[in-house]
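Sequence lines set the chain letters: A, B, ... in the order given, protein chains first and strands last, and positions in each chain run from 1. Just so you know, these numbers use all the heavy atoms, side chains as well, and skip hydrogens, waters and symmetry mates. Bear in mind the structure is a predicted one, so any value in this text is a computation, not a measurement.
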Amino acid sequence: MNLRWRDALRLVGGSLAAQPLRSLLTVLGIALGIATVVLLTSLGEGLRQYVLAQFTQFGTHLIAINPGKAKVHGTSVGIFGSERPLTLEDAAALRRVPGVEAVVPFTYAQADVRFEGRTRTVFVYGVGAQMPAAYRFRVAAGRFLPDAPHGTARPFAVLGSHLRRALFGDRSPLGARIRIAQERYLVIGVMEPKGTFLGFDMDDAVYIPAGRALALFDRESLVEIDVLYRPTLPVDQVVRALRRLLTARHGRDDVTFTTEKDMLEVLGDILDMLTLTVAGLGGISLLVGAVGILTLQSIAVAERTREVGLLRALGAETGTIAALFLGEAALLGTAGGLAGLGLGLGGAYLLGLLIQGLPVHPSGTYAGLALGVALGVGLLAGLYPALRAARLDPVEALRTE
Amino acid sequence: MIRLEHVSRLYAVGDQVVHALDDVNLVIEPGEYLSVMGPSGSGKSTLLHLLGLLDRPDRGRYLFHGEDTARLDDRHLARLRRRHIGFVFQFFHLVPRLSAAGNVELPMMLDGWPLPRRRARVRRLLEAVGLADRARHRPDQLSGGQRQRVAIARALALDPELVLADEPTGNLDQAAGHEILDLLEAVVAQGRTLVLVTHDPELGHRAPRRLQMRDGRLFESPGGVG
Ligand SMILES: Nc1ncnc2c1ncn2[C@@H]1O[C@H](COP(=O)(O)OP(=O)(O)OP(=O)(O)O)[C@@H](O)[C@H]1O
Ligand SMILES: [Mg+2]
């Protein structure tokens with residue numbers, strides 16, 4: 001082919017521009033498919049990064065222990081009464097397992113917190129002294145709850161940063177006496193801001209000893225025990241040791257262990273489903289787009305048969321004819337891909353603005369992939385019409401009315 | 001330059017065989033001016049398409065500059081058509097979305113000429129056919145005679161040695177037809193070879209060498225050589 005690239009592009013662009021509405025509609029077909037894919041992958045990637053950030057924020061070497069046997073892997077469905085409760089004594093015992101660096105007994109409920117006539121309904125978290133280390137959650141002022149593995153813990157409270165501002169404003173809360181539900185507590189510390197973890201607000205909250213919280217809420221079992229283990233140890237080995245201990249204490253294996261790996265697996269399942277949806281939706285709309293290009297180019301070849309005959313008479317090779325028609329299809333596909341990318345990214349951006357807290361994260365890989373797919377779809381759909389144009393007999397083509 | 005030896009072109013229509021060309025022998029020397037006349041369906045266009053390497057003989061040989069064209073592949077044939085042969089058709093065959101200049105530019109584009117060189121040549125060609133002021137007009141903004149002049153400028157774009165015109169005046173009134181023929185005859189004056197198919201005996205008789213076709217057979221007209 002002697003035709004220069006730039007000239008080929010001019011001819012191809014000219015043919016498409018001569019039928020602006022038709023070209024636009026075809027481009028739109030591809031664009032919608034690509035936009036769907038870009039938008040949904042942006043959401044999926046956003047979700048993944050959000051959850052990953054949530055976990056890494058709290059340290060990746062945590063194992064959660066919940067009462068009851070999980071029915072679905074990863075999520076613990078505790079059926080109270082049918083198994084032994086998870087107790088503070090269990091938590092204390094777990095601290096002696098080799099490789100364990102910190103243990104946090106955990107329970108929570110909502111309750112009113114009152115100070116000098118101000119009342120605020122917040123989460124009350126019953127935790128252990130090792131919580132700051134385990135959750136990477138630092139104390140801003142004062143100190144955290146003292147260690148009281150045995151015996152009764154004293155009525156001390158540590159405020160979340162948000163609650164502290166709501167109740168005390170600029171005053172120092174240290175040493176103040178607040179009322180949680182019907183009990184009185186002494187404020188001994190304030191936490192740094194931490195944000196939310198999987199929907200739990202860590203800042204608009206108050207932290208009290210887990211033993212006190214169990215009594216306050218009239219509960220027998222902890223909701224969870226979190227174990228921080230030495231990073232150099234394989235997680236399976238730690239879980240085995242923990243399970244042996246709890247099985248011995250409870251008489252049977254009636255708790256569920258969830259590691260970060262498990263959580264990411266659940267996330268992986270969700271993302272897989274999202275990916276499948278994306279692939280399905282994108283595939284269907286791209287198929288529609290491809291049929292559009294195939295139809296348009298078939299019509300173009302039929303309409304421009306005489307022109308093909310003329311180009312052959314002027315000395316165009318069959319390959320040049322094929323390249324020109326294929327170029328039109330490729331340009332339609334690429335234009336559709338670019339438009340779809342714009343639509344998808346714009347849509348993702350708008351969605352992020354409109355719905356607060358919705359994690360949207362456009363992925364460059366997927367965007368590039370979408371563009372490549374659009375080009376590929378254009379080429380594939382344009383191949384048959386282009387070959388048909390190239391195979392036309394020039395004499396008959398010239399004779400066409 | 002051109003030599004046809006026992007060339008036949010057959011079409012099967014139903015169970016009947018049509019001899020569009022029937023044992024045609026023809027030698028054309030460089031610089032010759034031939035007219036081809038004959039009734040409709042006698043095979044004139046078929047002969048021209050064959051000479052123009054758009055079609056191949058079913059029997060016989062076609063030698064172009066001594067080379068058997070049956071042995072040439074698509075790329076060779078395309079290059080010969082591009083650089084050595086210019087076509088002019090009865091129905092102009094201009095690309096409707098391209099301007100006059102754009103249509104004239106096409107063969108040079110296909111041959112890979114750089115833009116500045118093309119521009120200069122397009123201007124000269126349009127001047128030569130008297131359409132310098134219509135360069136930006138699209139075909140539907142031109143008269144029939146003007147369209148055919150654009151087609152002639154396009155046929156001459158790569159300076160071909162052989163110009164094949166298939167009833168170039170067939171769609172024009174007499175005045176325009178004469179103008180077109182004047183342009184084509186100027187081509188011969190430049191030393192090119194012209195084969196002109198026409199229904200008009202008056203135009204046909206202007207050629208020094210006249211061929212007649214009947215039922216696919218080719219005859220030299222008496223007194224034609226001169
Ligand atoms: N594709 C084809 N299939 C069948 N027959 C064909 C085909 N092309 C041409 N023919 C036949 O070949 C013969 C010659 O056709 P051609 O077009 O060369 O005639 P022509 O002399 O140019 O006629 P006109 O003066 O009307 O243009 C005709 O009888 C025509 O019917
Ligand atoms: Mg004819």
I'd like to know whether [atom1] of [X] has more than 12 heavy-atom contacts from other residues, nucleotides or ligands below 6.0 angstrom.
| X | atom1 | value |
| --- | --- | --- |
| B:F64 | CZ | yes |
| B:H65 | NE2 | yes |
| A:R388 | CZ | yes |
| B:Y11 | OH | yes |
| B:D215 | CG | no |
| B:Q16 | CD | no |

Going by heavy atoms in the side chains, are [X] and [Y] under 4.5 Å from each other?
| X | Y | value |
| --- | --- | --- |
| B:D74 | A:R312 | yes |
| B:L158 | A:L314 | no |
| B:L54 | A:L398 | yes |

So how far is it from [X] [atom1] to [Y] [atom2], rounded to the nearest 0.5 Å?
| X | Y | atom1 | atom2 | result |
| --- | --- | --- | --- | --- |
| A:R399 | B:F89 | CZ | CZ | 11.5 Å |
| A:L11 | B:L106 | CG | CG | 6.0 Å |
| B:W113 | A:R4 | CH2 | CZ | 11.5 Å |

If you count heavy-atom pairs within less than 4.5 Å of chain A, which of [options] leads?
| options | result |
| --- | --- |
| B:G102, B:A157, B:P114 | B:P114 |
| B:D111, B:L94, B:L115, B:L164 | B:D111 |
| B:G52, B:A78, B:P160 | B:A78 |

Exercise. Apply the test side chain to side chain contact (heavy atoms under 4.5 Å, CB included) to residues A:N2 and B:R82: give CA-CA distance (whole Å), side-chain angles for both, the deciding distance (0.1 Å), then the verdict.
Key: CA-CA 11 Å; A:N2 288 44; B:R82 207 157 61 223; 3.5 Å; yes
Turns out that what part of A:T320 lies under 4.5 Å from chain B's heavy atoms comes down to side chain
Okay, A:R10 and chain B: the region with an atom under 4.5 Å from a heavy atom over there is side chain
Short N-O contact, B:R118 and A:D7, less than 4.0 angstrom: yes
Thinking salt bridges, do B:R97 and A:E307 make one under a 4.0 Å N-O criterion?
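A salt bridge is present here (some side-chain N lies under 4.0 Å from a carboxylate O).
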Can you tell which part of [X] gets under 4.5 Å to a heavy atom of chain A, answering side chain, backbone, both or neither?
| X | result |
| --- | --- |
| B:H93 | both |
| B:F91 | both |
| B:L53 | neither |

Applying salt bridge (charged side-chain N to carboxylate O under 4.0 Å, His left out) to B:R81 and A:E317, what does each step give before you reach the verdict?
CA-CA 10 Å; B:R81 282 199 298 269; A:E317 294 159 14; over 6 Å; no
Ranked by heavy-atom pairs below 4.5 Å to chain B, first place among A:G14, A:A313, A:A18 goes to A:A313
Most contact-rich option vs chain B, by heavy-atom pairs under 4.5 angstrom, among A:A8, A:G309, A:S15, is A:S15
